[in-house]
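So the structure is just underneath, and the comments pick up after that.
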Amino acid sequence: MIKENVEKILVELPTSIELVAAVKGRTISEVEEAVKAGVTIIGENYIKEAEDKFKVFGSKVKWHLIGHLQKNKVKKAVQIFDMIETVDSWELAEAVDKECKKIDKIMGVLIEVNIAQEFQKNGVLPEDVEALTLDILKLSNLKLKGLMTMGPLVKDSQDIRPFFKETKDIFEKIKLSLPSLNSQDWRYLSMGMSDTYRIAIEEGANIIRIGRGIFGKR
Ligand SMILES: *Cc1c(COP(=O)(O)O)cnc(C)c1O
């Protein structure tokens with residue numbers, strides 16, 4: 001089933017949109033089947049799981065961190081990941097920059113936006129995104145590439161649309177207001193999961209993160 005699921009999603013996706021396979025809790029062989037079917041980007045939530053899978057797949061695929069990053073895991077994270085989609089504070093950005101300097105790596109990062117302003121969720125509040133953007137631009141070993149959002153949990157998937165729209169608005173507003181942003185770098189909007197990725201694409205997403213739609217129920 002994994003093969004068929006990946007193939008079905010990939011034929012439907014315009015080439016400008018990147019598919020991240022969200023693999024939390026999945027086995028090596030499940031991930032292997034997805035990679036064989038054409039998945040090129042692995043999205044991991046947890047450093048420990050990422051380490052285990054990195055030993056197997058290494059640089060055959062790209063690695064995106066899509067879960068919250070704790071400061072004490074930064075050193076390991078920078079060795080594995082090609083992009084950290086969940087930067088949500090200055091302290092974390094600085095810590096990632098510092099560890100990247102030590103290994104001479106430039107890390108692609110997205111700012112995670114807590115678009116529905118849910119108090120229990122990670123991510124930067126909408127009104128704070130621009131300030132963090134400006135700060136991150138000062139860090140020489142980070143390459144800031146755009147925004148990521150989870151969006152709130154909704155009963156009807158269509159209810160998430162306004163939150164995707166609002167994230168896209170912030171993305172565009174920042175592009176216009178910060179001339180120091182290189183528009184070739186500032187180009188990713190990571191939104192949408194199994195139930196919402198079509199809506200996300202309609203609202204401008206160009207990275208989608210799919211778990212159950214590839215691997216089935218957890
Ligand atoms: C698990 C997860 C996904 C994928 O969710 P599905 O509903 O399984 O498609 C996407 N993004 C993040 C951050 C996740 O943790």
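Since the model is a prediction, treat every value here as computed from it, not as a measurement. Residue numbers start at 1 and run along the sequence shown. Atoms within each ligand, like the ligands themselves, are counted from 1 in listed order.
Residue-environment remark: CG (Leu153) stays at or below the threshold of 12 foreign heavy atoms within 6.0 Å. Annotation for Lys8: atom NZ does not count as buried by contact number, only 12 or fewer foreign heavy atoms lying within 6.0 Å. The number of heavy-atom neighbours closer than 6.0 Å to CG of Asp104, taken from other residues, nucleotides and ligands shown, is 12 or below. Shown here is Lys76, whose NZ atom has no more than 12 heavy atoms of other residues, nucleotides or ligands within 6.0 Å. A 6.0 Å sphere centred on NZ of Lys173 holds no more than 12 heavy atoms belonging to other residues, nucleotides or ligands.
Residue, atom and distance of the protein heavy atom nearest to atom 3 (C) of ligand 1 are Met193 SD, 3.6 Å. Counting protein heavy atoms only, atom 9 (O) of ligand 1 is closest to Ser194 OG, 2.4 Å. Nearest protein heavy-atom contact of atom 11 (N) of ligand 1 is Arg209 NE, 2.8 Å. Considering only non-hydrogen protein atoms, atom 7 (O) of ligand 1 sits nearest to Arg212 NH2, 2.7 Å. Looking only at protein heavy atoms, the nearest one to atom 1 (C) of ligand 1 is Lys24 NZ, 1.3 Å.
At a threshold of 4.5 Å between non-hydrogen side-chain atoms, the residues Thr86 and Leu65 count as touching. Annotation: side chain of Asn122 is not in contact with side chain of Asn114 (no heavy-atom distance under 4.5 Å).
Ile66 pairs in a side chain to side chain contact (heavy atoms under 4.5 Å, CB included) with only one of the listed residues (Met83, Glu85, Met150), which is Glu85.
Those atoms of ligand 1 that come under 4.0 Å of a heavy atom in Asn45, given as number and element, are 14 (C), 15 (O). Under a 4.0 Å criterion applied to the non-hydrogen atoms of Met150, ligand 1 contributes the atoms 12 (C), 13 (C). The contact set between ligand 1 and Ile210, taken as ligand atoms under 4.0 Å from a residue heavy atom, comprises 9 (O).
Distances from ligand 1 to the non-hydrogen atoms of Glu85 include no value under 4.0 Å.
Remark: ligand 1 and Gly211 share an N or O pair separated by less than 3.5 Å (distance only, no angle test).
The proximity of Ala22 to ligand 1, defined as any non-hydrogen pair under 4.0 Å, is limited to the side chain.
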